[in-house]
Amino acid sequence: MLDKTYDPAAVEAGRDDAWEADGRYQAAGNGEPYCIMMPPPNVTGSLHMGHALTFTVQDTLIRFERMRGRAVLWQPGTDHAGIATQMVVERELATEGETRQGLGREAFEERVWAWKDESGRTIVNQLRRLGASPDWSRERFTMDAGLSAAVRRAFVTLYREGLIYKDKRLVNWDCQLHTAISDLEVVSQETDGHLWHFAYPLEDGSGSIEVATTRPETMLGDTGVAVHPEDERYRYLVGKHVVLPLVGRRIPIVADEYSDPEKGTGAVKITPAHDFNDFEVGRRHALEAINILTSDGALNDSVPEPYRGLDRFEARKRVVADLDAAGVLVAVEPHRHVVPYGDRSQTPIEPFLTDQWFCDAHTLAQPAIAAVEDDRTRFVPKAWESTYFEWMRNIQPWCISRQLWWGHRIPAWYGPDGAIFVAETEEEAIEQARAHYGGERPLEQDPDVLDTWFSSALWPFSTLDWPEESQELERFYPTDVLVTGFDIIFFWVARMMMMGLHFMGEVPFREIYIHGLVRDEHGQKMSKSKGNIVDPLQLIDSYGADALRFAILASLAQGRDVKLGEARVQGYRNFVTKLWNAARFCELNECKPAAGFAPDAVETTLNRWIVGELGATREAVTEALEAYRFNEAAQAIYRFVWDRFCDWYLELAKPTLEAGGREAEETQATAAWVLDRVFHLLHPLMPFVTEALNEQLLDGQPNSLIAQPWPESVQAADRTAGAEVDWLITLITEIRAARAELRVPAGARLELWAAEPNDAVRARLATWRPALERLARIADIREGLPGTTDGTLQVVVDAVTYVLPLAGHVDLAEERARLDREIEKLQRDVAAIDKKLDNPQFVAKAPAAVVEEQRERRSAGTETLERLKAAMARIAS
RNA sequence: GGGCGCGUAGCUCAGCGGGAGAGCACUACGUUGACAUCGUAGGGGUCACUGGUUCGAUCCCAGUCGCGCCCACCA
């Protein structure tokens, strides 16, 4: 027996364990492979709503395809998340008064591994509560031995192909984390600052040239001043020199188109070592690049003595004060501008000249662009392709080295003379060195590690054992769909495309489904500082994983962010309760699956109708899931369960079930069958409750739903049954509405007189008499017109007038007013249709079917109108 | 500066060339009923604005206004 109330905790407990123990999460059977790569959450992570969204979507697809007979692999794992993890462990060390430097590299790495073993499983366990069904037996971590080998193979290969190289370039330097970061890890922030104007004196004493800057301290590294070649104001100065104040350096004035006459003073100071644009200008004019910063962001020994060792922001004040004192500070104006910040450290980023490893992303991007252009990989929704193209076509060299300790160590070794040996193992590097030097030389490995996203870029094949040639790699690559948010298209999707095509020769996935971000119910991004974080685990505790999953899916319209408040989840918990109670009703009425039940062979109208409705729902859900329209899938099944099955089918079936007999038996079997199909259709969306109900209710089933086949198509909707039930629903609804409007007491039973019934209507009324008695509170059904016109309620359905005598329950004037409103509305409708039909252009140019439809609507409308007028006439006097 | 998206009922949003929809909220009535985590009924909208295309526009196109996002940008 089902419990009287639905308790999500009881329903969900232990199910994940049971499914996994039965091996349900592993690819099974000989079906066509279907693979989704789980975007590996950071080991430092704990489940947030973004995870809940993306993993619900993935699990829904996985369960759907698993039921459809595909050999499904959902490949799970976690990411070592270089900077994030290192920061977490360093913070932990700090509470012990310890630092990573104090510990030393080796001990620190051990410490991180220990942390990972202890805390790294949090998110995995939380995923289980959501009902996620990946193949945990294949769980991977980006720093596993196998994946590390893949990283080294990829690095070495790209190096040998000239697609990875070491270069001294300006990089984004994080002065707090002491590492380079990629362009993507830099976030721009609008900041209120100042624009300082300085007059640099000309060497020949003939005057000065005014420059403006937001970073005065960089002037200590200036090696030129640039003006636009066509700027008349400065043309005569080109080729002359200025003497840099405070420093005394003689620097040239050059003509360069980078200089924008509209901006600042039109003359721009050039600091090649600390500005990306200036670096280019400097290169064009052979200006020296003087690095004036230390890795901490303090000034180094290249600047005059008084400034050495000052932090860059201290130095800024000092430089301004000194320039002011020297009389070269011309003006200071408030200035709003964007300042680059590190996305992890939240500190201002400095362009900094260092040796780093770069990946030639431009070359790798070309095949990745082509693959999307010719649809070998499709974005859903398609609009994201332009974002992808835009970025890929303007891609810059990717800085892949990081000055961190946690990550994949760069497989490069240096000889005493600086010669570089890149190899997959130290032994190979030693071998190379021996050949190179003709003898043993001490080698030192590059201290840096790789950008975390380098290993993530290999994920679609490194997890499938590449570079080993495994069966899984053969079978599941290319994968079917990647599910992810737009926020990591650049970080991850683009890079997987590049690496997948380069190493595997094929795209990593055939489709990329991009979903929105989760926001709170007001559309605000969830953030700790706003205090509007919704915790998915708390929602699961309160309402169940099924309700949370369904709420997410039902809210997930393509191309939109998902706004999700607690009320929404609560609403869908109510839906689960509704389903539970429907199942309970069926159980109480002994609706059990009948052996050999054939849905297309049911005889009674009601049962034929619900079978048809279920069939339509099955198609709608299937098509919606195939097209990643999760909200439509959710809506279709929701509508069916609540509006069709509960509100009408079960209500209309009650008299039949109570009466017993053959019809009741067919109805019991049909109800059980429908419920069973509903559990199947709902299972990918809400796995727990469907499994629980299936298990308890339909205990003839040998297998759990997770392994059951997806429902087959059933016969096309039975149109005669549909028409009849539609008629019945309309009649009952009309009577209920009229009664409510005229405030007929809810308990009052009225007679129903059918004014001019034909044989079909007469038969229908006989058939549905018990339903009408029950749902429309009808006392008796008669033909013709009742003797009294005093106090009647009249409705018209399908060209038949129904009169319900009220015996004093109602005010005649109110009934007149009600009929009047209906007549008016109908007249407006008919007039609108007439206007169309009277337009020869419409009749001539609109499709015949549309014209025909309008004609039908018009004739139905006028017929009803006539009868309503007749009804009015009967009570008018 | 470049690109993208969104303005539909009080709120959150579907729909997207031929009858304006849902959920929540609201109002009235209803509890021996599978379900009050419920039922029945109801109120509520010049589908942002202006033009255009069309026999016909909430839907397509152009523009305007408003909101949001991404990329670029430290003179």
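Chain letters run A, B, ... following the sequence lines, proteins first, then strands; residues in each count from 1.
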Interatomic distance at P, B/C67 relative to B/U27, whole Å: 34 Å

Candidates B/G18, B/C74, B/C29 - which lies nearest the side chain of A/A746: B/C29

A/E210 and A/R233 ion-paired at < 4.0 Å: no

Sugar-phosphate, base or nothing in reach of A/C646, heavy atoms under 4.0 Å: base

P spacing across the pair B/G51 / B/C13, given as an integer number of angstrom: 30 Å

Sugar-phosphate, base or nothing in reach of A/L657, heavy atoms under 4.0 Å: nothing

P gap between B/C60 and B/C16, integer Å: 10 Å

Sugar-phosphate, base or nothing in reach of A/R857, heavy atoms under 4.0 Å: base

RNA chain B: 5'-proximal contact among A/F486 and A/L588 (nearest heavy atom): A/L588

Sugar-phosphate, base or nothing in reach of A/R639, heavy atoms under 4.0 Å: sugar-phosphate

5'-most by nearest nucleotide on RNA chain B - A/K845 or A/P348: A/K845

N/O (side chain, A/N277) to phosphate O (OP1/OP2, B/C74) under 4.0 Å: yes

Euclidean distance for P, B/U8 against B/U58 (whole angstrom): 15 Å

Paired nucleotide for B/A22 [Watson-Crick or G-U wobble; both distances under 3.5 Å]: B/U12

Residue pair A/T387, A/E390: steps toward the side-chain hydrogen bond (donor to acceptor under 3.5 Å, both in side chains) verdict: CA-CA 5 Å; A/T387 304; A/E390 176 67 16; over 6 Å; no

Spacing of A/N574 atom CG relative to B/C35 atom P, expressed in whole Å: 15 Å

Rounded C1' spacing from B/G17 to B/C55 in Å: 12 Å

Sugar-phosphate, base or nothing in reach of A/H335, heavy atoms under 4.0 Å: sugar-phosphate

Intermediate values then yes/no, salt bridge (charged side-chain N to carboxylate O under 4.0 Å, His left out), A/E257 and A/R284: CA-CA 11 Å; A/E257 299 203 331; A/R284 284 197 286 272; over 6 Å; no

Ring centre gap for A/Y543 and A/Y572 strictly below 6.0 Å: no

B/C35 phosphate, OP1 or OP2, under 4.0 Å from A/K4 side-chain N/O: yes

Distance-only donor-acceptor test (3.5 Å): side chain A/E651, base B/A34: yes

Separation of the C1' atoms in B/G44 and B/C59, to the nearest angstrom: 23 Å

Below 4.0 Å: OP1/OP2 of B/C11 and any side-chain N or O of A/K563: no

Nearest listed nucleotide, side chain of A/N839, among B/U40, B/C74, B/C55: B/C55

side-chain hydrogen bond (donor to acceptor under 3.5 Å, both in side chains) partner of A/T271, the single match among A/T213, A/D222, A/N277: A/D222

Working for salt bridge (charged side-chain N to carboxylate O under 4.0 Å, His left out), residues A/R857 and A/E853: CA-CA 6 Å; A/R857 280 186 53 212; A/E853 192 198 337; 5.5 Å; no

Sugar-phosphate, base or nothing in reach of A/R584, heavy atoms under 4.0 Å: sugar-phosphate

A/Q841 side chain, from C-beta outward: closest of B/C55, B/A14, B/G39: B/C55

Paired nucleotide for B/U50 [Watson-Crick or G-U wobble; both distances under 3.5 Å]: B/A62

Side-chain N or O of A/K835 closer than 4.0 Å to phosphate OP1/OP2 of B/G56: no

Integer angstrom distance from the P of B/C4 to that of B/C47: 27 Å

Sugar-phosphate, base or nothing in reach of A/P840, heavy atoms under 4.0 Å: nothing

Sugar-phosphate only, base, or nothing, as touched by A/W196 at under 4.0 Å among non-hydrogen atoms: nothing

Touch class at under 4.0 angstrom, heavy-atom based, for A/V211 against every strand present: nothing

base_contact_polar (B/U37 base, A/R573 side chain, donor-acceptor, <3.5 Å): yes

Sugar-phosphate only, base, or nothing, as touched by A/A557 at under 4.0 Å among non-hydrogen atoms: sugar-phosphate

Distance, C1' atom - from B/G45 to B/G2, rounded to whole angstrom: 37 Å

Sugar-phosphate only, base, or nothing, as touched by A/T387 at under 4.0 Å among non-hydrogen atoms: nothing

Sugar-phosphate, base or nothing in reach of A/A582, heavy atoms under 4.0 Å: base

Touch class at under 4.0 angstrom, heavy-atom based, for A/F389 against every strand present: nothing

A/F575 CZ - B/C35 P separation (whole Å): 18 Å

For B/A57, the Watson-Crick or wobble counterpart (both distances under 3.5 Å): none

Complementary nucleotide of B/U40, counting Watson-Crick and G-U pairs under 3.5 Å: B/A28

Check: A/W384 ring centre within less than 6.0 Å of A/Y388 ring centre: no

Touch class at under 4.0 angstrom, heavy-atom based, for A/S259 against every strand present: base

Exercise: identify the closest heavy-atom pair between A/T484 and A/V493: CG2-CG2, 3.8 Å

